[in-house]
Trainee: 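Below is the structure I would like to discuss, written out as structure tokens.
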Amino acid sequence: MYDLRWIRENPEAFDAGMAARGVAPQAADILSRDEKARANRTTLQEMQNRRNALSKQIGAAKSKGEDADHLIAEVGELKGALQSGEEIERELSQSLRETLSGLPNQPEADVPVGPDEEANIEVRRHGTPPVFDFKPKEHFEIGEALGLMDFEAASKLSGSRFVVLHGALARLERALSTFMLDIHSTEFGYSETSVPLLVREHTAFGTGNLPKFEEDLFKTTDGFYLIPTAEMVLTNLVRDGVLGEDELPLRFIAHTPCFRSEAGAAGRDTRGMLRQHQFYKVEMVSISHPDDSKNELDRMTGCAEAILQRLGIPYRAMLLSSGDMGFSAKRTYDLEGWMPGQDCYREISSCSNCGDFQARRMSARYKPKQGKGTNFVHTLNGSGLAVGRTLIAVMENYQLADGGFAIPEALQPYMGGMTRVV
RNA sequence: GGAGGGAUGGCAGAGCGGUAAUGCAACGGAUUGCUAAUCCGUCAACGUGUAACAGCGUUGCGGGGGUUCGAGUCCCCCUCCCUCCGCCA
């Protein structure tokens, strides 16, 4: 959500940012409507001022028992203009708000400009893809052969894009979640949080999922939205509030199921559990001082990388291009884990700095120690990590010639000492 | 599901037709061996204005509509929160 005054003062920069996002220039249209709204506001205020003054005189006259009819008549003449002025004010400001709430965040200056993932930049790479003396399988081949991953059963229950896990795989999913939560909460300072999975409209608006991306969400018959990520809840924890400057940063971690309609993804990644309507994710959220959000993003990305490193999953970090970033982000790093079965890197985490974009939508502020008033906080979110995809990466990277796979050392304590799944 | 109560500035909390008390917190200033205390002011948003302040003005009492010369106060609709009862993991 944008500050109109900022657009007024920086119309070129604003449109440049929109261009990077593949959005047509907006400033001229927005500013002309803004000007109209302000002109109307000014004349409206003059009329209101007049009405107030007359009403005061009427009150005074009546209390003295004098005749106020001519004053009342004069106010009566104002009435129609006053009402239409108020109506125009409402219409203009609402339509401006609607326009502004549908525009994506501005990319940071050094974010590569491009329409899609082709323009992303690899910023670093860690680990070496394992070499197999057999043709590496995809996770669903391994899982199904082991009898621990059942897409047919899931389809019977719920249709496509769901899975049923059994035995060691079900436990591995739980182990991964616990492992991640433990590290983030005990080593990295994220406060473990248990949150609602159903939210109201204003919550989804706050993070930028509404109004523009309603089709991506599941909605219940009584108006709740199922969260597509814990980002939505954790970020909104600070909505409508004013934090003390020394409370920042706030860091939250939560493990939740995530629900996505995948409306625009028909036909993509249909095999396996890479793209599901429901999956678990451990999500990090930081509420940061504006001066610190840049560093906080690096820190957060590092926390996600630490998980991949301890699990021994090779990965690369990508700085996303302006066209590939999410709606609310101004800078995003994707961590892509190596998937031997697909012979490529696939997204397994995404860490974004949203600046004050979401904070404005949520009215989340802090009070600076010096000076008066309040400022908007910065919000950041990152997967730490997507559990389902991490499960895939573990299975594929640790797969064995016999059709099973090994358990990474770091995970073994969480698996009751199990070292491999056969 | 039934019955009530409520939504006011960062927080607490009055006002029930005449144009937002008061307290706390915070900020600026004054005073003061230090701390504390005390006093004055500021303390929402927007418009206008300014180099930036100031100033001036309007709005603001959950949202929308109505009555009225005038609405936080009265009427209608909606949203959300809370309490009790019932049901239930």
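For the numbers below, each heavy atom of this structure counts, side chains included, while hydrogens, waters and symmetry mates do not. Chain letters run A, B, ... following the sequence lines, proteins first and then strands; every chain starts at 1.
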Trainee: Between A/His255 and A/Tyr280, is there a side-chain heavy-atom distance shorter than 4.5 Å?
Mentor: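 Contact flag for A/Tyr280/A/His255 side chains = yes.
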
Trainee: Work out how far the P atom of B/rU42 is from that of B/rC56, and round it to whole angstrom.
Mentor: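 Straight-line distance between the two P atoms is 11 Å.
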
Trainee: To the nearest Å, give me how far apart NZ (A/Lys36) and C1' (B/rG47) are.
Mentor: 18 Å

Trainee: Please state the C1' separation for the pair B/rG9 and B/rC61 - nearest whole angstrom.
Mentor: 9 Å

Trainee: How does RNA chain B look in dot-bracket form if you count Watson-Crick and G-U pairs under 3.5 Å, write [ ] for pairs that cross, and put | where a base pairs with another strand?
Mentor: ((((((((.[[[..)..(...]]].(((((.......))))).(((((......)))))..[[[[[..)....]]]]])))))))....

Trainee: If you measure from the C1' atom in B/rG10 to the same atom in B/rG63, how many Å do you get, rounded?
Mentor: 23 Å

Trainee: Side chains of A/Leu380 and A/Ile287: does their closest heavy-atom pair fall under 4.5 Å?
Mentor: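 No - every pair of side-chain heavy atoms lies 4.5 Å or more apart.
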
Trainee: Can you list, by residue number, the residues of residues 46-56 of chain A that have a non-hydrogen atom closer than 4.0 angstrom to RNA chain B?
Mentor: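 Heavy-atom cutoff 4.0 Å gives A/Gln48, A/Asn49, A/Arg51, A/Asn52, A/Ser55, A/Lys56.
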
Trainee: Where the side chain of A/Arg90 is defined as all heavy atoms beyond and including C-beta, which of B/rG57, B/rG70, B/rG65 is the nearest nucleotide?
Mentor: B/rG65

Trainee: Assess whether a salt bridge exists between A/Arg268 and A/Glu262, defined as any Lys/Arg side-chain N lying under 4.0 Å from an Asp/Glu carboxylate O.
Mentor: no

Trainee: Looking for any heavy atom pair under 4.0 Å, which part of the strands does A/Arg239 touch: base, sugar-phosphate only, or nothing?
Mentor: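 Counting heavy atoms under 4.0 Å across all strands, no contact is made by A/Arg239.
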
Trainee: Any cation-pi pair here, A/Arg361 with A/Phe205, using under 6.0 Å and within 45°?
Mentor: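 Pair A/Arg361/A/Phe205 counts as cation-pi.
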
Trainee: Under a 3.5 Å cutoff, is there a donor and acceptor pairing between the side chains of A/Glu231 and A/Gln358?
Mentor: yes

Trainee: A/Leu44 CG to B/rU48 C1': how many Å, rounded?
Mentor: 14 Å

Trainee: What is the minimum heavy-atom distance between A/Met325 and A/Arg21, and which atoms define it?
Mentor: O-NH1, 3.2 Å

Trainee: Between A/Trp6 and A/Tyr2, how do the two ring planes meet: parallel, tilted or perpendicular, split at 30° and 60°?
Mentor: parallel

Trainee: What's the closest nucleotide to the side chain of A/Thr42 if the choices are B/rC46, B/rC69, B/rG47?
Mentor: B/rG47

Trainee: Rounded to the Å, how far apart are A/Lys367 NZ and B/rC43 P?
Mentor: 12 Å

Trainee: Over how many whole Å does the gap from A/Glu87 atom CD to B/rG64 atom C1' extend?
Mentor: 12 Å

Trainee: Counting side-chain heavy atoms from CB outward, which of B/rG10, B/rC46, B/rC69 is closest to A/Gln45?
Mentor: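 Nearest listed nucleotide: B/rC46.
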
Trainee: Can you tell me how far P of B/rU58 sits from CG of A/Asn40, to the nearest Å?
Mentor: 16 Å

Trainee: When the ring centroid of A/Phe327 is compared with that of A/Phe357, is the distance short of 6.0 Å?
Mentor: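 A/Phe327 vs A/Phe357: aromatic centres under 6.0 Å.
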
Trainee: Please measure how far the P atom in B/rA89 lies from the corresponding atom in B/rC81, and state the result in whole Å.
Mentor: 24 Å

Trainee: In this structure, is the centre-to-centre distance between the rings of A/Phe179 and A/Tyr414 below 6.0 Å?
Mentor: yes

Trainee: Between B/rA71 and B/rG60, how far apart are the C1' atoms? Round to whole Å, please.
Mentor: 13 Å

Trainee: Is A/Arg200 touching bases, backbone alone, or none of the nucleic acid, heavy atoms closer than 4.0 Å?
Mentor: sugar-phosphate

Trainee: Relative to each other, are the rings of A/His277 and A/Phe162 parallel, tilted or perpendicular (30° and 60° limits)?
Mentor: tilted

Trainee: More 5' along RNA chain B: A/Gln83 or A/Asp34, using each one's nearest nucleotide?
Mentor: A/Asp34

Trainee: Between A/Ser328 and A/Asn105, is any side-chain donor less than 3.5 angstrom from a side-chain acceptor?
Mentor: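 Per modelled atom types, A/Ser328 and A/Asn105 side chains form no pair under 3.5 Å.
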
Trainee: Check the distance between B/rG10's P and A/Asn375's CG and give it to me in whole angstrom.
Mentor: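 Distance check: A/Asn375 CG to B/rG10 P gives 14 Å.
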
Trainee: Please report the distance, rounded to the nearest Å, between CZ in A/Arg365 and P in B/rG10.
Mentor: 6 Å

Trainee: Rounded to the nearest Å, what distance is computed from the CG atom of residue A/Leu82 to the C1' atom of nucleotide B/rU68?
Mentor: 13 Å

Trainee: B/rC11 and B/rC87: how far apart are their P atoms, nearest whole angstrom?
Mentor: 39 Å

Trainee: Work out how far the P atom of B/rG4 is from that of B/rC78, and round it to whole angstrom.
Mentor: 16 Å

Trainee: Taking atom P in both B/rU19 and B/rA36, what distance in whole Å separates the two?
Mentor: 40 Å

